[in-house]
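Structure first, commentary second.
Chain letters run A, B, ... following the sequence lines, proteins first and then strands; every chain starts at 1.
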Number of protein chains: 2
Amino acid sequence: MPARTPLDANAVLAATEEILRRHGPDKATVVDVARALGVSHAAVYKHFPSKQALREAVTRRWLDRNRDALAVIAADSAAPPAQRLRTWLHAVLAVKQAKIRQDPELFAAYGILAAAHSSVATDHVADLLGQLTAIIADGAADGSLRTDDAEATARVVFNATAKFNHLAHAAEWQNPGVGAELDEVCNLLLEGLRAPTSP
Amino acid sequence: MPARTPLDANAVLAATEEILRRHGPDKATVVDVARALGVSHAAVYKHFPSKQALREAVTRRWLDRNRDALAVIAADSAAPPAQRLRTWLHAVLAVKQAKIRQDPELFAAYGILAAAHSSVATDHVADLLGQLTAIIADGAADGSLRTDDAEATARVVFNATAKFNHLAHAAEWQNPGVGAELDEVCNLLLEGLRAPTSP
DNA sequence: CTGGTAACAGATGTCAAAATTTGTAACCTG
DNA sequence: CAGGTTACAAATTTTGACATCTGTTACCAG
């Protein structure tokens, strides 16, 4: 007896996200997902080649949402690049803090993928580095930020703010002082990036 | 029958370090330590109140050795403070890289304590921050580094180099490019700390 | 009273059997 | 033939009995 609803990949994804949210990444099974959809577990394998692929697809979806939200800040040409850099770095932190509070289970799923060196994680970092590069290149273009190579400088800034963007520090992000710490690091980095007033 | 050798706390410590090194922090038991010393495990509890305390004492010992080695660099008044800052940050990384290679089990024991927010870990960080503060204060004194508050600036520099000193990044320290990355971060930070040539 | 012992209860770890899950295959059906 | 089914082998997780470990107590010797 074929299922009444055609069951497209998107429905599987939505159900998986819900199961993941409810059960957490360790306990969520594809049998659970299938049960939630009212089909046999073999049916979900028609749409995704493996459990890993399912997890990656769900995670990639919300990472992409984050990326798009941050891209708005990175591309906001109304703000001067130095200001935009600071705002963007704070936003990266804020987005992840919010996710931890709202969807700790989905965040944990991302952590698992990152630890496994999944392309989902490396691609996400590449996306963020791209946005950072764009901001710094804008600053180089209008002369407000000094850099030889916007991409290299972006990597340096990203490394110097690892405490505020790398998952390994997620536990510390609950600390109330973390925003102020980031602000102080921004101050120093922006001081270093500021084009000298007189050479 | 009392033991022939009096068994002081130091002997217990040495035996524990050996067991820890051989078995790793997960498999090392105080029964093992007692067996190595030829006493009952209750005897060990005469010298240390708990297994946790034993682990902390061993770990504190090698952290103190590291601290002392780094203090030599921090206090080397022959090198200008900016240079000393760079050398010291590289040394912090190098010391930990070396420990991971030579004594991965002891390093893992330190990781466990840090994750448990043991005072051993927080004290170690405080020690390092103290050395960093001293270097920056030296720079402020001779006018080569610009800072309002050496201690606050030390915290900022420490945060900005978290990727190269925080245990959470230990896995990444195997990567060959890590030294170069630290160097680039140092370049930017020193640029930011450099007193302006003309105000 | 310092420093050791043996004996113990409760927590924790181990290990193999049982159950569940993953992924595949062979098979329906509109 | 896209999309579903049941049936099944292999991998993984759970379970539960058992062993070991942790920390305490009561006791002993110099």
Side-chain angles (χ1 to χ4, degrees), chain A residues 1-59 105 108-109 111-113 115-116 118 120, chain B residues 1-59 105-106 108-109 111-113 115-116 118-120:
Chain A
M1 177 204 317
R4 187 151 297 288
T5 53
L7 182 66
D8 63 341
N10 222 311
V12 176
L13 226 71
T16 303
E17 182 166 330
E18 181 54 25
I19 293 294
L20 221 40
R21 211 189 303 271
R22 197 190 310 283
H23 294 25
D26 294 334
K27 310 288 281 184
T29 74
V30 350
V31 172
D32 289 332
V33 173
R35 193 161 28 229
L37 290 164
V39 298
S40 72
H41 80 276
V44 341
Y45 279 93
K46 295 289 179 182
H47 296 278
F48 292 90
S50 69
K51 179 182 186 175
Q52 177 76 356
L54 246 184
R55 260 193 277 165
E56 294 194 352
V58 169
T59 304
E105 311 293 13
I112 289 171
L113 295 182
S118 159
V120 172
Chain B
M1 179 203 321
R4 187 151 299 286
T5 53
L7 182 65
D8 64 340
N10 222 311
V12 176
L13 247 129
T16 303
E17 180 164 334
E18 182 54 24
I19 294 293
L20 221 40
R21 211 190 302 274
R22 196 190 310 282
H23 294 30
D26 294 335
K27 310 288 280 182
T29 73
V30 349
V31 172
D32 288 334
V33 173
R35 194 160 28 228
L37 290 165
V39 297
S40 72
H41 79 278
V44 172
Y45 280 92
K46 295 290 179 179
H47 295 278
F48 292 90
S50 68
K51 179 183 187 177
Q52 177 76 357
L54 245 184
R55 261 192 280 168
E56 294 194 352
V58 169
T59 304
E105 311 292 13
L106 284 186
I112 289 171
L113 296 181
S118 159
S119 70
V120 172

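- Every residue two or more places apart in sequence or in another chain that forms a side-chain contact (heavy atoms from CB on, under 4.5 Å) with A:Tyr45 is listed here: A:Val30, A:His41.
- When the local axes at the two ends of the helix from C:dC1-D:dG30 to C:dG30-D:dC1 are compared, using 5 base pairs at each end, they differ in direction by 20° after rounding to 10°.
- Straight-line distance from the NE2 atom of A:His23 to the C1' atom of D:dT13: 15 Å, rounded to whole Å.
- At whole-Å resolution of the value, NE2 in A:His47 and C1' in C:dT22 are 17 Å apart.
- Within 4.0 Å (heavy atoms only), B:Val31 reaches at least one base atom of the nucleic acid.
- In this structure, A:Tyr45 atom OH and D:dG4 atom C1' are separated by 16 Å, rounded to whole Å.
- In this structure, A:Arg35 places its CZ atom 18 Å from P of D:dG4, rounding to the nearest Å.
- B:Ile112 is listed as a side-chain neighbour of B:Asp26, based on a closest heavy-atom distance under 4.5 Å.
- The interatomic distance linking B:Gln52 (CD) with D:dT22 (C1') rounds to 13 Å, in whole Å.
- The side chain of B:Lys46 contributes no N or O atom lying less than 4.0 Å from OP1 or OP2 of C:dG3.
- In this structure, the side chain to side chain donor-acceptor pair (under 3.5 Å) partners of B:Arg22, at least two apart in sequence or on a different chain, are B:Glu18.
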Please write out the pairs of protein N or O atoms and N or O atoms of nucleotides 6-16 of chain C separated by less than 3.5 Å, giving the distance to one decimal.
residue : atom : partner : partner atom : Å
C:dT14  : OP1  : B:Lys27 : NZ           : 2.8

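- The side chain to side chain donor-acceptor pair (under 3.5 Å) search around A:Thr29 returns A:Asp32, not counting sequence neighbours.
- In this entry the distance linking CD1 of B:Ile19 with P of D:dC21 reads 12 Å, nearest Å.
- C:dG23 atom C1' lies 14 Å from atom CZ of A:Arg55, rounded to whole Å.
- Take A:Ala53 and apply the side-chain contact (heavy atoms from CB on, under 4.5 Å) test, not counting sequence neighbours, and it matches A:Pro49, A:Ser50.
- Partners of A:Glu17 under the side chain to side chain donor-acceptor pair (under 3.5 Å) rule, at least two apart in sequence or in another chain, are A:Arg21, A:Arg61.
- Between the CZ atom of B:Phe48 and the P atom of D:dG23 there is a distance of 14 Å, rounded to whole Å.
- For B:Glu56, the side chain to side chain donor-acceptor pair (under 3.5 Å) test picks out B:Gln52, B:Ser118, with sequence neighbours left out.
- A search for side-chain contact (heavy atoms from CB on, under 4.5 Å) contacts involving A:Ala108 returns A:Pro25, not counting sequence neighbours.
- Inter-residue side-chain proximity for A:Leu13 and A:Val58 is flagged as met; some heavy-atom pair is nearer than 4.5 Å.
- Mapping B:Asp32 and A:Ala43 onto DNA chain D via the closest heavy atom, the residue that lands nearer the 5' end is A:Ala43.
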